[in-house]
Engineer: 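If you scroll down you'll find the structure; I have some questions about it.
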There are 2 protein chains.
Amino acid sequence: MKVESIQKTSTPELVVREILKNIKSGELKPGDKLPPERELSKAFGVGRSSIREAVSAMVLVGYFHVTQGKGVFLRDDIPSPHIFNGKLRDVLAAYWILDLIETREHLECSVVRMAAAKAGDKEIQQLREAVDAIRANSADVNRFYESDFDFHMTLAEAAENPVMSSILKMIIEKLHADYMAFMPDTLCRPDRAVETAERIVDRIEGKDGERACAVMLEHLGIVKTELVRIIPEIKPHRNPQNMVLLES
Amino acid sequence: MKVESIQKTSTPELVVREILKNIKSGELKPGDKLPPERELSKAFGVGRSSIREAVSAMVLVGYFHVTQGKGVFLRDDIPSPHIFNGKLRDVLAAYWILDLIETREHLECSVVRMAAAKAGDKEIQQLREAVDAIRANSADVNRFYESDFDFHMTLAEAAENPVMSSILKMIIEKLHADYMAFMPDTLCRPDRAVETAERIVDRIEGKDGERACAVMLEHLGIVKTELVRIIPEIKPHRNPQNMVLLES
DNA sequence: GTCAACAGGTTGTCAGACCAATTATAAAAA
DNA sequence: TTTTTATAATTGGTCTGACAACCTGTTGAC
């Protein structure tokens with residue numbers, strides 16, 4: 001006979017997973033202080049002893065270091081996606097805008113496809129709100145860019161891969177910081193951006209990753225084509241090879 | 001002024017030492033049952049919570065196994081410290097290995113497609129040489145990994161996007177540094193790796209980015225599936241959304 | 001003899017209290 | 001005002017008691 005060795009997951013283990021989730025999502029960064037035990041106890045709805053057991057296990061394994069009277073702190077030497085950050089920033093600083101844009105296109109395509117495959121109602125809702133924010137801020141250029149950035153980050157979160165979202169974040173920030181400043185305000189087209197963003201979310205909701213990706217490329221292209229017109233050094237280039245162009 | 005970093009030994013730590021003393025003296029033999037928590041509490045003159053913390057630490061490290069309702073038992077296999085030092089820590093730390101692998105898969109897919117679109121005779125030639133190098137080094141594990149790494153870098157160069165190849169380089173290096181060390185040498189399959197690499201180059205030469213990408217995923221999967229078997233915490237996941245599976 | 005119900009032992013969890021170390025704040029002294 | 005000191009608030013460390021969940025053996029009805 002086959003004996004099922006199903007054992008109920010203990011409360012501390014659930015707490016550990018929850019904390020790991022927070023670390024993974026980047027909400028808890030190296031050096032950050034964990035909320036006090038009593039607070040976590042209330043937040044998770046479990047006894048303080050369970051919190052203690054979970055935390056002390058993670059301390060033992062090396063995630064946290066703890067000082068009585070001060071708190072529990074996430075060590076800064078655990079492997080995390082943010083480890084790249086320093087080096088990656090240097091790398092990004094050295095290259096041409098076209099390569100950055102191309103990389104962004106590929107990453108965003110992947111992200112959109114993943115989001116289409118994974119997103120649930122909650123994520124769709126968040127995306128809708130992000131689109132609404134773009135629409136609401138479309139009058140002011142700076143706030144428009146900010147909202148657009150938030151939209152892409154929300155998308156990245158829906159893809160549930162912190163490595164990809166942190167890479168993407170840096171690339172977008174770099175693009176904005178270095179080049180968008182030179183773009184005349186008249187060139188951005190908030191109306192079209194809102195429209196494409198909306199269509200992206202629609203496609204994601206419909207689980208159609210391919211079409212969502214195609215619209216995303218269109219969305220990114222809105223900015224890119226204008227950029228190419230302004231800066232002659234930038235030659236337009238072919239569409240990313242990992243997309244299949246579809247009529248919308 | 002010199003600050004002494006004397007820290008009071010905690011109660012649970014004292015309990016652990018006491019229990020360890022009993023194990024070393026042979027009073028507690030493998031398979032034996034530890035006295036109930038309350039009894040130990042009275043015996044050591046400390047609170048039950050301290051006993052619990054000490055015991056659960058020793059359970060985590062691998063000294064005991066515990067069954068609710070029965071008791072805590074000294075394991076009959078060796079309580080080796082390296083479980084604590086190496087593996088367990090990295091099992092918990094391996095939390096994002098999946099994200100790294102997934103990111104790599106997406107990037108390599110893009111790279112392969114781009115390479116298929118751009119590669120000329122010279123690049124094909126370089127790729128062939130890289131494959132030959134893998135074949136030549138397939139006997140020695142370390143040199144094999146090195147050659148495989150070179151192959152992927154050659155591929156990235158053929159894609160002609162320095163940003164993507166830098167990112168990819170960082171990810172691969174991190175994967176190798178942090179996790180491959182735990183892979184038994186017997187698990188790598190140089191023969192299959194050579195074969196898939198060869199097929200990738202063939203598809204690139206034939207300008208068939210889609211199929212090249214499919215083979216690349218297969219190539220990466222060779223390592224991944226073994227890794228999943230070693231570290232159970234790593235759940236296998238679906239293929240990247242940006243690929244279209246094709247029969248080869 | 002078989003099976004259900006019960007009782008005892010044991011770990012799992014929760015709640016509250018108090019202790020100990022640190023930090024923040026306010027009062028007092030310079 | 002600035003510095004020092006005293007006090008309070010915050011937070012991890014420990015203790016205790018209570019109950020739940022689980023395993024085991026015993027008892028008793030059938």
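Side chains are part of it too, since the values below use all heavy atoms of this structure and drop only hydrogens, waters and symmetry mates. Note on naming: letters A, B, ... go to the chains in the order of the sequence lines (proteins, then strands), and numbering restarts at 1 for each one. Source: prediction; values computed, not measured.
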Engineer: Check the distance between dC22(D)'s C1' and Q68(B)'s CD and give it to me in whole angstrom.
Structural biologist: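 The distance from CD of Q68(B) to C1' of dC22(D) comes to 5 Å, rounded to the nearest Å.
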Engineer: For F44(A) and dC14(C), give me the distance from atom CZ to atom C1', rounded to whole Å.
Structural biologist: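 F44(A) atom CZ is separated from dC14(C) atom C1' by 17 Å.
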Engineer: At under 4.0 Å between heavy atoms, what does G47(B) touch on the DNA or RNA strands: base, sugar-phosphate, or nothing?
Structural biologist: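 Answer is sugar-phosphate: G47(B) comes under 4.0 Å of backbone atoms only.
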Engineer: Mind calculating the distance between CD1 (I51(B)) and P (dG13(D)) to the nearest angstrom?
Structural biologist: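 Distance, rounded to whole Å: 17 Å.
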Engineer: Can you measure E53(A) atom CD to dG12(D) atom P for me and round it to whole angstrom units?
Structural biologist: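 Result: 17 Å.
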Engineer: Pairs in or reaching into residues 131-140 of chain A: which pass salt bridge (charged side-chain N to carboxylate O under 4.0 Å, His left out), with residues at least two apart or in two chains?
Structural biologist: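 Those involving residues 131-140 of chain A are D132(A)-R135(A), R135(A)-E198(A).
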Engineer: Below 4.5 Å, heavy atoms only, C-beta onward: do H219(A) and I200(A) meet side chain to side chain?
Structural biologist: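 The answer is yes, as the side chains (C-beta and beyond) meet within the 4.5 Å cut-off.
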Engineer: Crowded around R143(B) CZ? As in, over 12 foreign heavy atoms under 6.0 Å?
Structural biologist: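 Counting other residues, nucleotides and ligands, CZ of R143(B) stays at 12 neighbours or fewer.
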Engineer: Does a distance-only test, which skips hydrogens and angles, find a donor-acceptor pair under 3.5 Å between the side chain of R38(B) and the base of dG9(C)?
Structural biologist: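 Not at all, since no donor on one side and acceptor on the other fall under 3.5 Å apart.
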Engineer: Working to the nearest 0.5 angstrom, can you tell me the gap between E173(B) CD and M153(B) CE?
Structural biologist: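 With rounding to 0.5 Å, CD (E173(B)) is 7.5 Å from CE (M153(B)).
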Engineer: V46(B) has a side chain; which of dC22(D), dT10(C), dC15(D) sits nearest to it?
Structural biologist: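 Shortest atom-to-atom distance from the side chain points to dC15(D).
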Engineer: Would you kindly give the CD-to-P distance between E37(A) and dA17(C), to the nearest whole Å?
Structural biologist: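 It works out to 17 Å between those atoms.
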Engineer: State whether the distance check finds a donor on one side and an acceptor on the other, under 3.5 Å, for side chain R48(B) versus base dT13(C).
Structural biologist: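 A donor-acceptor contact between them is present.
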Engineer: Can you tell me if S41(A) uses its side chain to pair, donor with acceptor, with the backbone of E37(A) under 3.5 Å?
Structural biologist: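 Here the side-chain-to-backbone pair does not exist.
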Engineer: Using heavy atoms to find the nearest nucleotide of DNA chain C for G69(A) and G45(A) separately, return the residue whose nucleotide is more 5′.
Structural biologist: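 It is G45(A) whose nearest nucleotide is closer to the 5' end.
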Engineer: Would you mind telling me which of dG12(D), dT13(C), dT24(D) lies closest to the side-chain atoms of K70(B)?
Structural biologist: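 From the listed options, dT24(D) comes nearest.
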Engineer: Distance check needed: dG13(D) P versus F64(A) CZ, whole Å only.
Structural biologist: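 One finds 13 Å between P of dG13(D) and CZ of F64(A), rounded.
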Engineer: Counting just side-chain N and O atoms, does T67(A) come under 4.0 Å of either OP1 or OP2 of dG12(D)?
Structural biologist: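 Negative; the distance criterion is not met.
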Engineer: Reckon S49(A) touches a base, only the sugar-phosphate, or nothing at all at heavy-atom distances under 4.0 Å?
Structural biologist: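 Contact class for S49(A): base.
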Engineer: Among the candidates dT13(C), dG12(D), dT11(C), find the nucleotide nearest to the side-chain atoms of T11(A).
Structural biologist: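 For T11(A), the side-chain atoms sit closest to dT13(C).
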Engineer: Could you state the CD-P distance from E13(A) to dT13(C), rounded to the nearest angstrom?
Structural biologist: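 Computing the E13(A):CD to dT13(C):P distance gives 10 Å.
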Engineer: Using whole Å, what does the distance between atom C1' of nucleotide dT11(C) and atom CG of L40(B) come to?
Structural biologist: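 Spelled out: CG on L40(B) to C1' on dT11(C) is 13 Å.
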Engineer: For R52(A) and dG12(D), is the shortest distance between a side-chain N/O and OP1 or OP2 below 4.0 Å?
Structural biologist: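 False: R52(A) side-chain N/O out of range (4.0 Å or more) of dG12(D) OP1/OP2.
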